[in-house]
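The chains referred to below are lettered A, B, ... by the order of the sequence lines, with proteins before strands, and numbering in each begins at 1.
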Number of protein chains: 2
Amino acid sequence: MATIKDVAERAGVAPSTVSYVLSGSRKISDETRRAVRAAVEELGYHPRASARSLRSARTRVLALAVPRVSGKSRGADGTFAIDISDAARGHGHDEVLITDLDGVAGMRRVAGSGMADAAVLMAVEEEDPRIAALRELEFPAALLAGSESDPGMPWVDLDWEAAVALALRETAAAGHRRIVFLSSADHEIDSRRGYALHGLRGARLAAAETTAELRTVPSSGDPEELGRRLREVLSVRPAPTALVVQHLILLPHLLDEITALGLRVPEDLALVLVGSIPDDLGGRRLPRIELPVAEMSAAVVRLAIGAIGADTSDTAGEHPPHRLISPRMATGCVIGPPSEPSS
Amino acid sequence: MATIKDVAERAGVAPSTVSYVLSGSRKISDETRRAVRAAVEELGYHPRASARSLRSARTRVLALAVPRVSGKSRGADGTFAIDISDAARGHGHDEVLITDLDGVAGMRRVAGSGMADAAVLMAVEEEDPRIAALRELEFPAALLAGSESDPGMPWVDLDWEAAVALALRETAAAGHRRIVFLSSADHEIDSRRGYALHGLRGARLAAAETTAELRTVPSSGDPEELGRRLREVLSVRPAPTALVVQHLILLPHLLDEITALGLRVPEDLALVLVGSIPDDLGGRRLPRIELPVAEMSAAVVRLAIGAIGADTSDTAGEHPPHRLISPRMATGCVIGPPSEPSS
DNA sequence: TCGATTCGTCGAATCGATTCGATTCAACGT
DNA sequence: ACGTTGAATCGAATCGATTCGACGAATCGA
């Protein structure tokens with residue numbers, strides 16, 4: 001493979017001159033510049049990443065720590081991984097995947113060997129041990145999930161409170177008077193995941209401002225248990241006419257249960273999803289609050305790259321940037337009115 | 001961050017000695033070795049990846065080229081990305097994601113800057129331009145998909161022919177006499193995707209060896225069209241009792257259509273999936289031929305790493321290794337018998 | 001015509017780890 | 001007593017790009 005020396009020889013200049021032409025950090029005569037450019041072209045020269053980052057102490061690589069805890073589907077994680085990579089490329093960076101089962105070990109490896117300039121952490125739990133490790137290593141990072149308990153770390157998250165509130169508000173506005181909110185699962189609430197807690201808060205918010213009857217039921221990681229709760233809540237009379245769902249992992253199973261109850265969607269029961277990606281739907285058009293994956297990815301990459309310059313020294317004074325992404329209804333889907341007018 | 005020089009100073013030896021202790025490539029006395037080990041521990045020393053790979057011309061990184069064509073769901077891609085990363089770690093390698101919309105440009109970038117030692121290409125089409133680029137760049141690679149038209153490239157794929165044949169054979173063995181095989185979509189067949197063609201061949205194979213009535217219908221990327229074809233094929237009388245599906249992207253939509261026809265699964269219609277990952281199912285237990293993601297990932301990583309040493313010179317003689325993964329039924333699910341005995 | 005300034009380019013040091021001789025020192029044989 | 005062998009360690013070159021100080025030539029003003 002061609003090196004900068006080869007290019008220099010071919011152009012009849014010194015290697016440093018080639019470097020200046022490429023970086024533009026010093027003025028070079030038109031004539032020389034043309035000669036160098038031609039040599040670069042002819043040899044198909046590409047600077048070697050390892051040499052460049054050895055010298056500059058910058059790799060132009062972002063590390064993405066993928067969650068390995070069971071729970072959220074890996075499908076959404078993959079979607080994020082791809083969109084984050086795209087966003088990183090937009091800033092001239094590449095992305096390595098950190099999939100170590102021991103997340104802390106993975107962080108130590110990346111930070112220690114200097115393979116990346118910063119990390120993006122997905123699906124952060126409160127009190128995530130990786131965050132402590134990152135802080136100890138003084139490694140720049142941004143989180144893809146809100147984290148109240150960890151000030152000093154930049155993060156991005158969907159405004160789950162607003163998202164759930166919006167979904168409920170829109171459902172009520174469509175004319176539904178008896179609405180069920182199927183929130184995050186028990187175990188997610190128990191482990192104090194931000195999206196779970198904020199979703200519940202959004203439901204309370206919406207309940208306070210509507211005259212519709214609103215019942216909140218936690219979901220479950222166990223399909224059987226989820227089915228039981230669903231049957232119970234839908235058997236109340238008069239029956240609810242709308243179901244707003246935040247816990248989408250078991251969505252297909254949910255649809256099976258609804259079908260088994262003899263209910264059609266959306267004729268008998270309106271179904272509204274909160275925070276879904278198109279992949280979840282498999283070609284169906286259900287009304288939903290989108291999870292703006294591209295927007296969140298772009299934001300978290302910006303924060304991670306922004307954290308590279310800022311050292312711990314000046315972090316003391318300023319508080320790091322956070323970003324709550326506003327929810328939107330997906331375009332092209334409307335919530336239908338209840339079948340029996342109730343006003 | 002600590003360098004090898006710091007470690008050497010602290011241990012009272014030369015940097016080269018530290019290197020020899022760490023690599024074990026020369027004999028070092030117990031005493032010195034202990035001193036060096038202690039210094040490494042105390043300073044938390046980690047060799048810098050950029051320096052190491054500049055010198056050794058090895059990055060210990062694999063590039064994963066993620067497909068950006070619409071079609072196959074990104075969910076499965078994400079699952080593969082994670083499992084491939086795990087497999088790579090098992091061989092001491094990390095994984096960068098190449099998500100460039102222009103796949104060839106991405107390959108050129110990685111190969112040119114030497115950020116990775118080899119590439120893994122997902123979802124390869126026949127006549128994939130990336131393969132030509134890789135060959136021209138003499139960059140080691142392995143493909144995650146069979147490729148008859150590209151000898152000279154190692155690849156791994158599920159044996160789709162055997163998978164479809166197995167699914168049909170098992171369905172017939174469960175007592176079904178009228179079976180519909182919903183194959184890959186038109187556009188996949190037209191673009192000569194390996195899994196599509198082999199799946200069809202598997203259906204022909206199974207048809208030749210069974211007495212059951214077997215009808216093959218291509219799927220469609222368009223939900224409406226898919227619905228039309230499904231209604232048509234299920235309205236034949238006497239009605240088919242089993243549906244074997246290879247095209248899983250629109251599975252939820254498919255289930256909706258079946259429900260809309262007033263059919264229950266599996267009571268009225270047995271449903272068997274070919275090449276699915278657990279994520280596809282959302283908690284449901286449907287009989288299916290698994291897509292052995294972990295096994296395929298491990299195999300493709302082995303091939304990619306194996307291709308690193310082997311240069312084009314000796315590739316001329318030997319043909320590169322291929323690996324067809326044998327299909328298996330997922331455990332814990334059985335195909336039910338048809339409701340009206342037909343024998 | 002001579003010093004000062006500017007412009008364009010070069011040479012050498014640097015980043016951190018690896019690796020190939022070279023060197024030191026002890027033990028050994030004659 | 002002296003050369004020989006071998007074990008353990010050191011020193012220096014190397015990988016490829018970046019960057020700072022220096023240097024020669026051209027240009028300017030006086």
For [X] and [N], give me the distance from atom [atom1] to atom [atom2], rounded to whole Å.
X: Lys5(A); N: dT18(D); atom1: NZ; atom2: P; result: 16 Å
X: Arg58(B); N: dT19(C); atom1: CZ; atom2: C1'; result: 16 Å
X: Leu54(A); N: dT14(C); atom1: CG; atom2: C1'; result: 9 Å
X: Arg52(B); N: dC15(C); atom1: CZ; atom2: C1'; result: 16 Å
X: His46(A); N: dG16(D); atom1: NE2; atom2: C1'; result: 15 Å
X: Asp6(A); N: dC15(D); atom1: CG; atom2: C1'; result: 13 Å

Identify each atom pair where a protein N or O and an N or O of nucleotides 24-26 of chain C are less than 3.5 Å apart, giving names and distance.
none

Look at the side-chain N and O atoms of [X] and state whether any lies under 4.0 Å from the OP1 or OP2 oxygen of [N].
X: Thr3(A); N: dG16(D); result: no
X: Tyr45(A); N: dA17(D); result: yes
X: Arg55(B); N: dT19(C); result: no

Sugar-phosphate only, base, or nothing, as touched by Val18(A) at under 4.0 Å among non-hydrogen atoms |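 If one applies the 4.0 Å heavy-atom cut-off, Val18(A) turns out to touch nothing in the nucleic acid.
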State whether [X] and [Y] are salt-bridged, where the test is any N-O pair (Lys NZ or Arg NE/NH1/NH2 against Asp/Glu carboxylate O) under 4.0 Å.
X: Glu136(B); Y: Arg108(B); answer: yes
X: Arg68(B); Y: Asp100(B); answer: no
X: Arg109(B); Y: Asp94(A); answer: yes
X: Arg33(A); Y: Asp30(A); answer: yes

Among [options], which nucleotide has an atom closest to any side-chain atom of [X]?
X: Ser16(A); options: dT18(C), dT19(D), dC10(D); answer: dT19(D)
X: Ala14(A); options: dG11(C), dC20(D), dA17(D); answer: dG11(C)
X: Ile4(B); options: dC20(C), dT18(C), dT19(D); answer: dT18(C)

Pairing partner (Watson-Crick or G-U wobble, both distances under 3.5 angstrom) of dT6(C) |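 WC or wobble partner is dA25(D).
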Donor/acceptor link under 3.5 angstrom from Tyr20(A) side chain onto base of dC7(C) |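 No pair found.
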On a heavy-atom basis, which atom in [X] and which in [Y] lie closest, and how many Å separate them?
X: Ala11(B); Y: Ala39(B); value: CB-CB, 4.0 Å
X: Arg60(A); Y: Asp117(A); value: N-OD2, 2.8 Å
X: Pro321(A); Y: Leu303(A); value: CG-CD2, 3.5 Å

Minimum side-chain heavy-atom gap Met296(B)-Asp157(B) below 4.5 Å =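 Yes - at least one pair of side-chain heavy atoms lies under 4.5 Å apart.
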Taking side chain as C-beta onward, heavy atoms only, is Leu121(A) less than 4.5 Å from Ile131(A)?
->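 Side chain of Leu121(A) against side chain of Ile131(A), heavy atoms only: contact under 4.5 Å found.
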Quick one, which residues of residues 24-37 of chain B touch DNA chain C with a heavy atom under 4.0 Å?
->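 Heavy-atom contacts with DNA chain C come from Arg26(B).
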Would you tell me whether Ser53(B) and Ser56(B) have side-chain atoms, one donor and one acceptor, within less than 3.5 Å of each other?
->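 No, no side-chain donor-acceptor contact under 3.5 Å.
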